[in-house]
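Notes follow the structure.
By convention in this document, chain letters (A, B, ...) are assigned in the order of the sequence lines, proteins followed by strands, and residues within each chain are numbered from 1.
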Protein chains: 4
Amino acid sequence: MTDTETAYRVTADEIRTIVERIERLDQEKADIAETVKEVFAEAKGRGYSTAILRKVIARRKKEADELAEETALLEMYENALEGK
Amino acid sequence: MTDTETAYRVTADEIRTIVERIERLDQEKADIAETVKEVFAEAKGRGYSTAILRKVIARRKKEADELAEETALLEMYENALEGK
Amino acid sequence: MTDTETAYRVTADEIRTIVERIERLDQEKADIAETVKEVFAEAKGRGYSTAILRKVIARRKKEADELAEETALLEMYENALEGK
Amino acid sequence: MTDTETAYRVTADEIRTIVERIERLDQEKADIAETVKEVFAEAKGRGYSTAILRKVIARRKKEADELAEETALLEMYENALEGK
DNA sequence: CGCTTAATATAGCCAC
DNA sequence: GTGGCTATATTAAGCG
C-alpha cells in the first residue's frame, strides 16, 4: 500500500467514526424524545391538558425578566391595534 | 385501441389533472407564504419585533373565552407546582 | 397634538397595517387550503385513494428537492477537493 | 384535611411529577446535543467540513426513511389494485 | 451579530 | 371523537 492509500484509509476511517458517533447520539436524542411523548400521552390519559403542561414547562425555562419585557411589548402592540 | 386501454387512458388523464391541480394550488400557497415572509422582513427593517407581531396575530385568531379558559388552567397548574 | 403623540399614532398605524396585511394573506392561504380539500374530496368521490394521491404528490415534490440538494452536495465536495 | 384538599394535593403532586420528568428528559436531550456539538467541533479541528458531514448524515438518514416510505407506497398500490 | 438553514413544537386533517 | 400523520409555524443553531 502506498503512503497516499494509507492516508486515505485513515481519513476514511476517521470520517466513518465521526459520522457513526453523531448518528448514535442522534438516535439517543430520538429515543428520549419518544419517552417525552409517552410521558405526555400518559398525562393526557390521566386527564391533564398537554397544551397547558407544555406552556408551564416553557414558562419555567424562560427567565422572569425576559418574560416581563415581552409582556410589555406585547401590550404596547395590542394597544396600538385598539387605536389607543 | 381496446375498451380497456381507453378506460385506462381516461383514468390516467384524470389522475394527472388532479395531481396538477393540487400542485398548482400548493405553489400558490407557497407564493403567499413567501409574501408573508417579505412583509415580516420589511416590518423587521422598520424596527418592529416579528416575534411579538406573530404573537399579536395569533392572539387575535384565538377567541377570548378560549383564552380565558386556558389562562385559568395555566394558573391552576402553576399553583400546583408552587405547592399552594 | 404633540410631536410625541403624532409619532405614536404613526407607529400604531404602521403596526395595524402590517398586522392586517398578514391577516389578509393568511386568509388567502386558508382559502386555497380549502380548495385543495375540495379537490381531494372530489377525487375521493370519483373513487381515487386520497392517501395514494397525497403520497404521489409528496414524492414528486421530494424528487425536485432531492435534485437541488444533490447538486449542492456535489458542489460542496468539489470545492472541498479544490481546497476552497 | 378534607377530602377535597387531599384530592387537590394528589393532583398537584402528579402535575409536579410530570413536569419534573419532562424537564429531566429535556435536560438529557440538551446534554446529548451538547456532545454532538463537541464532536462536530473536534471534527472541524481535524480539518473536516462540518457542513459536508452534516449533509452526509442527513443523506444517510433520508435514505433510510426513503426505503420505509417506498415500501409503504408499494403496499398501498398493491392494496388498491386488489380492490381492498 | 445577523441571517440563513435545520430542529422542534404545534396545529389541522384524515381515517377509523 | 380520538389517535396518528402530515404540514405549518416557531424556535434554535451554525455559519460568515
Side-chain angles (χ1 to χ4, degrees), chain A residues 22 25-26 29-30 32-34 36-38 40-42 44-45 47 49-59 61-62 66 70, chain B residues 22 25-26 29-30 32-34 36-38 40-41 44-45 47 49-59 61-62 66 70, chain C residues 22 25-26 29-30 32-41 43-44 48-59 61-62 65 68-69 72-73 76 79 84, chain D residues 22 25-26 29-30 32-41 43-44 49-59 61-62 65 68-69 72-73 76 79 84:
Chain A
I22 301 288
L25 291 164
D26 282 348
K29 274 207 308 182
I32 293 172
E34 182 64 22
V36 168
K37 280 178 65 177
E38 287 168 11
F40 274 119
E42 186 194 331
K44 189 175 188 175
S49 159
T50 57
I52 303 294
L53 285 172
R54 286 176 194 278
K55 274 193 190 299
V56 169
I57 292 161
R59 279 202 184 191
K61 257 179 81 176
K62 187 180 277 189
E66 184 184 349
E70 182 180 296
Chain B
I22 301 287
L25 291 164
D26 282 348
K29 276 208 304 184
I32 293 172
E34 181 64 23
V36 168
K37 281 177 65 178
E38 287 168 10
F40 274 119
K44 190 176 188 176
S49 159
T50 57
I52 304 293
L53 284 172
R54 286 177 194 278
K55 275 193 189 300
V56 169
I57 291 161
R59 279 204 184 188
K61 257 179 82 177
K62 189 180 276 189
E66 185 184 347
E70 183 179 295
Chain C
I22 301 288
L25 291 164
D26 282 348
K29 275 207 306 183
I32 293 172
E34 181 64 24
T35 304
V36 169
K37 280 176 62 178
E38 287 167 10
V39 174
F40 274 119
K44 190 175 188 175
Y48 299 110
S49 159
T50 57
I52 292 181
L53 286 173
R54 284 176 195 280
K55 274 208 177 288
V56 168
I57 291 162
R59 170 66 51 95
K61 188 171 186 297
K62 187 172 283 180
D65 295 349
E69 194 191 319
L73 183 56
M76 258 189 196
N79 287 337
K84 287 183 183 171
Chain D
I22 300 289
L25 291 165
D26 282 348
K29 274 205 309 183
I32 293 171
E34 182 64 24
T35 304
V36 169
K37 281 175 65 177
E38 287 167 12
V39 175
F40 273 119
K44 193 175 187 174
S49 158
T50 56
I52 291 181
L53 285 172
R54 284 176 194 280
K55 272 206 180 292
V56 168
I57 290 162
R59 170 66 51 95
K61 187 171 186 297
K62 186 172 286 181
D65 294 348
E69 194 191 319
L73 184 55
M76 255 189 200
N79 287 338
K84 285 183 184 171

Calculate, to the nearest 0.5 Å, the distance between atoms [atom1] and [atom2] belonging to [X] and [Y] respectively.
X: E69(C); Y: K62(C); atom1: CD; atom2: NZ; answer: 11.0 Å
X: I52(A); Y: R59(A); atom1: CD1; atom2: CZ; answer: 9.0 Å
X: D26(A); Y: K61(D); atom1: CG; atom2: NZ; answer: 8.0 Å
X: I22(B); Y: I57(C); atom1: CD1; atom2: CD1; answer: 5.0 Å
X: K29(C); Y: L25(C); atom1: NZ; atom2: CG; answer: 8.5 Å

(request) Would you mind reporting whether N79(C) and M76(C) have side-chain heavy atoms less than 4.5 Å apart? (result) no
(request) Could you state the atom-to-atom distance from CG of L73(C) to P of dT5(E) in whole Å? (result) 16 Å
(request) Using a 4.0 Å heavy-atom cut-off, write out nucleotides 8-15 of chain E from 5' to 3' as B (base contacted by protein), S (sugar-phosphate only) or - (no contact). (result) SSS--SSS
(request) Give the first and the last nucleotide of DNA chain F, reading 5' to 3', that has any atom under 4.0 Å from a heavy atom of chain B. (result) dT8(F) to dT10(F)
(message) How close do T50(B) and F40(B) get, counting heavy atoms only, and between which atoms?
(response) CG2-O, 3.5 Å
(request) Counting Watson-Crick and G-U wobble pairs whose two distances are both under 3.5 Å, find the runs of 3 or more in a row that involve DNA chain F. (result) E:1-16 with F:1-16
(request) Using a cut-off of 6.0 Å, state whether more than 12 heavy atoms not belonging to K55(C) lie near its atom NZ. (result) yes
